[in-house]
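All remarks here apply to the structure that follows.
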Amino acid sequence: MAFEDNQQLTRIFEEIADFLELQGENIFKVKAYQKAARGLEGLERSVSELYRSGALASMPGFGKALVEKVGQFVDRGEVELHQQLKSSFPPEILHLMDVPGLGAKKAALLYKELGIGSVDALEKALREGLVTDIKGFGTKTVDKLLEGIGLLRQGEQRWLLGRVSVLAEELLARLRALPVVQRAEAAGSLRRGKETVGDLDLLVISSAPEQVMEFFAGLGEVIGSGPTKTSIRWEGTFQIDLRCVPAESFGAALQYFTGSMDHNVALRGRARRMSCELNEYGLFDALGQCIASETEEEIYAKLGLPWIAPELRESGAELEWERQPERLELGKLQGNLHTHSLWSDGTDTLEQLAEEAQRRGYRYLAVTDHSRSMVVANGLTVERLLAQGEEIARLNRNFKNFRLLWGSEVDILGDGTLDFPEEILARLDFVVVAVHSQFSMSPEAMTERICRGISHPHVDVLAHPSGRKINRRAGYQADWERVYAVAREHGVALEINCSPRRLDLNDKAARRARDCGCLISLGTDAHSLPEFDYLPLGVLQARRAGIEASSLLNSLSWEQLRKRRPHLADV
DNA sequence: GCCGTTTTCGGCCCGACTGTTTTCAGTCG
């Protein structure tokens, strides 16, 4: 299943952390619950299962007390402490801390002094001037909180990786164009390739920081500005931080601001155990001498570690790996395995697709237009599919060192049968199958449907396996362990759909699928030529999953791909 | 609440910026 138990318990632990912080509990206790929540969030196994098998206790961050609380949840569906805390506060009080600029301390004070227990009550109190008697609430704070409430109400979500990548490139180009800027780079979750980005972190080396700050402040609404750091709100909602750092500590700053927080905590812990200190200015020995700071590589090296790729810097566990995975490089990919042309709902001709693919150095491109049931997407009938095959064969005669693969994105129908008959699928170069309808089946029925779908002969790839759209809809529910097992058995690769709106499989699921022995396929699902740019986003997710070229269908040459389909006549 | 190749107790990342409390606490990342 999509592990609803994990999601529920994550929420419970997050709320416990918030309540404890509100109560003024030891901040490290609070952090322990937050860390446990993060650990559960993307877990590709059911926490109930892990608990029952006893494997949970060996997970980092789960000590005796937390394992016991997981036990309460598994047995009774709730955690005692959580219920206790909930009953001693107004139901909406935790939302107070969602207001930018309002943390636990001030929220607790507002509750204690004025009984404020919801965002609405806070807004009313602010407007009526009731809070000004409380220590620490001056006029600027009142304005800032009202603004924060406004932002919260807009409900702006984290931006998609694809959108932030484009924005970052534009801003970096403008910064680099300034004569006083020697270097400008993006850090933060963008550099780590996270599927969504909460705010953008930019770093520059400059001979005149004040000029850079001034320039940057002119790009948006200024939230805060100092001699080395300026924060703005882009398009009124999205926060961008710019920091000027000295050239000699650029590596330390890049490392520090790339995060993740858990990775940094682990790295600092390691430094500390070596009697060193690590901060954004460098790595310092016991005497306070800087021993590394200019590059990330030397910092990791001095800590006895290989350089760890940004995409892998998440939980901190990556510090302990015996070997780092070989980094997947875009240039090593032989082709793109999921695209659409004018024949269905794409915007370009086969010639245009082929030309673009060759321009990008691909050796092949799978054209996978929709099958006949996808009427809204101008899905191909059998007749049109066969005509398209002839057209592709004609074009292929003129290519050197390149091939268009005659493919299809075939619907897995509700009962698990496929949208084209077997004898037609047998003739195609490449078959992608996918679910496009009846998303709200029971998990059991959906599992059965997908497993039947990928058990047909001639299937190469299961496209966008979970069906999720980021920030829009959750994926459908299914027993993914079973799906991966069946995929492996039939040699069907699971797609990392590279569209920024999908990125499906996501990083964690892709890692799990690979661990289950499945091959992975990267496909842009491009419906127009600019969407070929999505491929690097998929590469990033694959890297985050630790997937190496050997697990990737796109690493195969056309000849090797063809060997997977021995029924194809030599051409 | 977690954790341990100096520790089973005493740490746990820490600096920038803000607002306001004239020396610092709160928030954030």
Side-chain angles (χ1 to χ4, degrees), chain A residues 13 16-17 20-22 24-39 56-70 79 81 96-110 131-145 147-148 187-190 192 197-203 209 213 222-232 239-245 249 252-253 255-284 286 304 316 320:
Chain A
F13 280 174
I16 290 177
L20 292 177
E21 200 179 3
L22 206 55
E25 256 290 0
N26 180 339
I27 192 66
F28 295 105
K29 191 171 179 174
V30 172
K31 283 173 189 285
Y33 280 98
Q34 287 170 344
K35 188 178 175 192
R38 283 198 301 275
L56 189 67
S58 56
M59 264 180 63
F62 285 84
K64 206 175 148 202
L66 278 170
V67 170
E68 199 238 311
K69 287 182 175 65
V70 174
V79 175
L81 174 63
L96 280 181
M97 290 189 283
D98 293 334
V99 177
L102 189 62
K105 293 278 169 60
K106 283 190 168 148
L109 201 57
L110 288 166
V131 302
T132 43
D133 293 339
I134 307 176
K135 203 174 154 191
F137 286 81
T139 54
K140 284 197 176 175
T141 302
V142 169
D143 290 348
K144 210 173 161 180
L145 290 179
E147 197 193 334
S189 47
L190 171 68
R192 300 203 308 281
V197 178
D199 56 23
L200 175 57
D201 294 294
L202 302 176
L203 296 181
M213 292 297 147
V222 176
I223 304 170
S225 184
T228 63
K229 178 189 169 185
T230 294
S231 301
I232 64 168
Q239 184 169 336
I240 310 176
D241 296 338
L242 176 77
R243 290 178 173 82
C244 257
V245 302
S249 58
Q255 193 289 312
Y256 181 88
F257 291 111
T258 295
S260 70
M261 189 177 70
D262 288 339
H263 178 87
N264 285 359
V265 167
L267 204 61
R268 286 178 175 227
R270 188 182 178 94
R272 193 164 274 278
R273 285 192 296 279
M274 297 168 77
S275 300
C276 291
E277 276 228 27
L278 180 64
N279 60 29
E280 62 260 53
Y281 296 106
L283 179 65
F284 300 87
E320 311 301 328

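All values derive from a computational prediction rather than experimental measurement. Computed over heavy atoms, backbone and side chain alike; hydrogens, waters and symmetry mates excluded.
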C1' atoms of dC14(B) and dC9(B), separation to the nearest Å: 23 Å

Whole-angstrom distance between dT18(B) and dT22(B), as gauged at atom C1': 15 Å

Taking atom types as modelled and ignoring hydrogens, do the side chains of Gln239(A) and Asp241(A) form a donor-acceptor contact shorter than 3.5 angstrom? yes

Nucleotide dC14(B), atom P - distance to CG of Leu267(A) in whole Å: 12 Å

Under the criterion side-chain contact (heavy atoms from CB on, under 4.5 Å), I'd like the reasoning laid out for Met261(A) against Arg38(A): C-alpha separation, chi angles, the key distance, then a yes or no. CA-CA 11 Å; Met261(A) 189 177 70; Arg38(A) 283 198 301 275; 3.8 Å; yes

State the CD1-CG distance between Ile16(A) and Leu81(A), to the nearest 0.5 angstrom. 4.5 Å

Between Asn264(A) and Val67(A), name the one whose nearest nucleotide on DNA chain B is closer to the 5' end. Val67(A)

note: Lys29(A), atom NZ; dC2(B), atom P; distance rounded to Å ~ 10 Å

Is there a donor-acceptor pair closer than 3.5 Å between any side-chain N or O of Asn264(A) and the backbone N or O of Tyr256(A)? yes

Going from CE on Met274(A) to CG on Leu283(A), what distance comes out if it is rounded to the nearest 0.5 angstrom? 7.5 Å

Spacing of the C1' atoms in dT20(B) and dA25(B) (rounded, Å): 10 Å

Complementary nucleotide for dT8(B) - Watson-Crick or wobble, under 3.5 Å: none

Taking Ser249(A) for the side chain and Ala252(A) for the main chain, is one N or O donor matched with an acceptor at less than 3.5 Å? no

May I have the distance from Asp262(A) (atom CG) to dC3(B) (atom P), rounded to whole angstrom? 13 Å

For nucleotides 19-29 of chain B, read 5' to 3', which letter fits each nucleotide if B means a protein heavy atom sits under 4.0 Å from the base, S means only the sugar-phosphate is that close, and - means neither? SSB----SSSB

Check nucleotides 7-12 of chain B for protein N or O atoms closer than 3.5 Å to its own N or O atoms and list the pairs.
residue : atom : partner   : partner atom : Å
dC12(B) : OP1  : Arg272(A) : NE           : 3.1
dC12(B) : OP1  : Arg272(A) : NH1          : 2.8
dC12(B) : OP1  : Arg272(A) : NH2          : 3.2

Angle class for the Phe13(A)/Phe62(A) ring planes (parallel below 30°, perpendicular above 60°, tilted otherwise)? tilted

Mind checking whether Leu96(A) and Leu22(A) have side chains closer than 4.5 Å, heavy atoms only? no

Given dC17(B), is OP1 or OP2 found less than 4.0 Å from the side-chain N or O atoms of Thr228(A)? yes

Considering only atom P, compute the distance from dC13(B) to dG4(B) and round it to an integer number of Å. 14 Å

Nearest 0.5 Å, what's the CZ-CZ distance between Arg273(A) and Arg270(A)? 7.5 Å

Interatomic distance at C1', dT8(B) relative to dC3(B), whole Å: 9 Å

If I pick the C1' atom on dG19(B) and the same atom on dT23(B), what distance separates them, to the nearest angstrom? 13 Å

What's the spacing between Leu202(A) CG and Leu242(A) CG if we round to 0.5 Å? 6.0 Å

P gap between dC17(B) and dT21(B), integer Å: 22 Å

Can you tell me how far C1' of dC2(B) sits from CG of Leu20(A), to the nearest Å? 15 Å

Interatomic distance at C1', dG15(B) relative to dG10(B), whole Å: 23 Å

In whole angstrom, give the distance that lies between atom CD of Glu277(A) and atom C1' of dG15(B). 12 Å

So what does Ser275(A) hit on the nucleic acid, given a heavy-atom distance under 4.0 Å: a base, only sugar-phosphate, or nothing? base

